[in-house]
Amino acid sequence: MGTDVQGFAVANLRRRPVLIETGGFVAGFDPGTTSPYINYATPLPAARPTARDVRELIEAFRVRGLKPRLEFAPDAAPAVEPALRAAGFTVEAVHAYLVCTPERLTIPRGTAALPVAVPATDEDYRAIDAALSEAFGEFAASPEGADRLRRVQEGGGAVRFVRAPDGGCAGAATCSAPAVGTAELAGVGTRPVFRGRGVAASVTAALTEAMFARGARSVWLEYSGEGSRRVYERVGYEPRGTRLYLSLDD
């Protein structure tokens, strides 16, 4: 599964507005943001980069005023981590990922089910962006964030949310358009006041079902803690591997 996940990472970065491919790496950049979580690189599966390849990759970030950063599945390209470490890269995090296949998907039913909506208006996208900002506390809501959500929905991916009683957003998630037979579900966030009510499970199941309907053979995601892992496992996800995050400080 690691090769599929890594193949998806490459295909997904190739959708960025600015693309650089050098020495077995693919770097994707979005001029609308300096976020390191959007502007990063990943290796091709089985890449064996040289020291020169790594230097050229670093320069692609430096000329844009960005921090060199990579995300990848290490078992799909085992020669990459040693080459990056030799250049001074350090590990930010190691995240386990979970995978769901069509036969494992479990849709919440009865009292566990919540109505899940597809955003249709500018107000919906703004409400989702604001809810995710509140849920994660890592970025401020912005018109650019709402626009990125719209691009996901209109570009072959999917955005789903649960409406709050006031008409806003209680929680939401996104899924990138499928590539190489799989898709990444990300950004599952619930506003604190609505946690523990099944929001995350409902949007996760709805997005996963949507990707299977579009032909994906699997959907994968990363999780941030044991509580969220249990939510995803109830929907049908199971552990399959890890992803590595490395960056280079100034």
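Numbers for residues simply follow the sequence, beginning at 1.
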Looking only at heavy atoms, what is the nearest atom pair of Val199 and Phe194, with distance?
CG2-O, 4.0 Å
Any donor-acceptor pair under 3.5 Å linking the side-chain atoms of Asp30 with those of Thr33?
no
Between Pro49 and Ala79, what is the shortest heavy-atom contact and its length?
CD-O, 4.3 Å
Within the side chain of Arg160, is there an N or O that forms a donor-acceptor pair under 3.5 Å with the backbone of Ala172?
no
Given side-chain contact (heavy atoms from CB on, under 4.5 Å), test Leu246 with Glu92 step by step and report yes or no.
CA-CA 5 Å; Leu246 294 100; Glu92 287 184 355; over 6 Å; no
Quick check, are the ring centers of Phe29 and Phe61 under 6.0 angstrom apart?
yes
Using the rule given for side-chain contact (heavy atoms from CB on, under 4.5 Å), can you reason through Arg85 versus Thr90, listing the C-alpha separation, both sets of side-chain angles and the distance that settles it, and then say yes or no?
CA-CA 6 Å; Arg85 284 183 176 274; Thr90 58; 6.0 Å; no
Between Glu222 and Tyr232, is the side-chain hydrogen bond (donor to acceptor under 3.5 Å, both in side chains) condition met? List the steps.
CA-CA 10 Å; Glu222 297 179 6; Tyr232 302 136; over 6 Å; no
Where do Pro108 and Ala205 come nearest, in terms of heavy atoms and distance?
CD-CB, 3.5 Å
Here the pair of heavy atoms bringing Ala47 nearest to Val80 is O-CG2, 3.8 Å
Min side-chain heavy-atom separation Leu44-Phe72 under 4.5 Å:
no
Any side-chain heavy atom of Thr174 within less than 4.5 Å of one from Leu149?
yes
Shortest non-hydrogen separation from Ala87 to Val54 and the atoms involved:
CB-CG1, 3.6 Å
State whether the side chain of Arg163 and the backbone N or O of Val116 hold a donor-acceptor pair below 3.5 Å, judged by distance alone.
no
State whether Asp129 and Arg148 are salt-bridged, where the test is any N-O pair (Lys NZ or Arg NE/NH1/NH2 against Asp/Glu carboxylate O) under 4.0 Å.
no
Could you grab the distance from atom SG of Cys100 to atom CD of Glu233, nearest 0.5 Å is fine?
11.5 Å
Near Tyr37 OH, under 6.0 Å, is it more than 12 heavy atoms from other residues, nucleotides or ligands?
no
Lys/Arg-Asp/Glu bridge criterion (N-O < 4.0 Å) met for Asp4, Arg217
no
Start with the C-alpha distance between Val159 and Ile128, add both sets of side-chain angles, then the distance that settles side-chain contact (heavy atoms from CB on, under 4.5 Å), and finish with yes or no.
CA-CA 9 Å; Val159 180; Ile128 294 169; 3.9 Å; yes
Check: Tyr237/Thr204 side-chain N/O donor and acceptor closer than 3.5 Å:
no
Write out all pairs satisfying side-chain hydrogen bond (donor to acceptor under 3.5 Å, both in side chains) with one or both partners inside residues 39-48, taking only residues at least two apart or from two chains.
Gln6-Thr42
State plainly whether the residues Glu59 and Arg62 are in salt-bridge range, i.e. N to O under 4.0 Å.
no
Do Ser176 and Glu184 meet the criterion of a side-chain donor-acceptor pair at a distance under 3.5 Å?
no
Thr101 and Phe212: which non-hydrogen atoms are nearest, and at how many Å?
C-CZ, 3.5 Å
State whether the side chain of Arg150 and the backbone N or O of Ala146 hold a donor-acceptor pair below 3.5 Å, judged by distance alone.
no
Could you walk me through whether Arg126 and Glu123 pass the salt bridge (charged side-chain N to carboxylate O under 4.0 Å, His left out) test, one step at a time?
CA-CA 5 Å; Arg126 288 193 295 268; Glu123 185 178 355; 5.5 Å; no
Separation between CZ (Arg191) and CZ (Arg197), nearest 0.5 Å, reads 10.0 Å
Please assess Leu19 against Glu21 for the test side-chain contact (heavy atoms from CB on, under 4.5 Å), listing each intermediate value before the final yes or no.
CA-CA 7 Å; Leu19 175 68; Glu21 299 201 34; 3.6 Å; yes
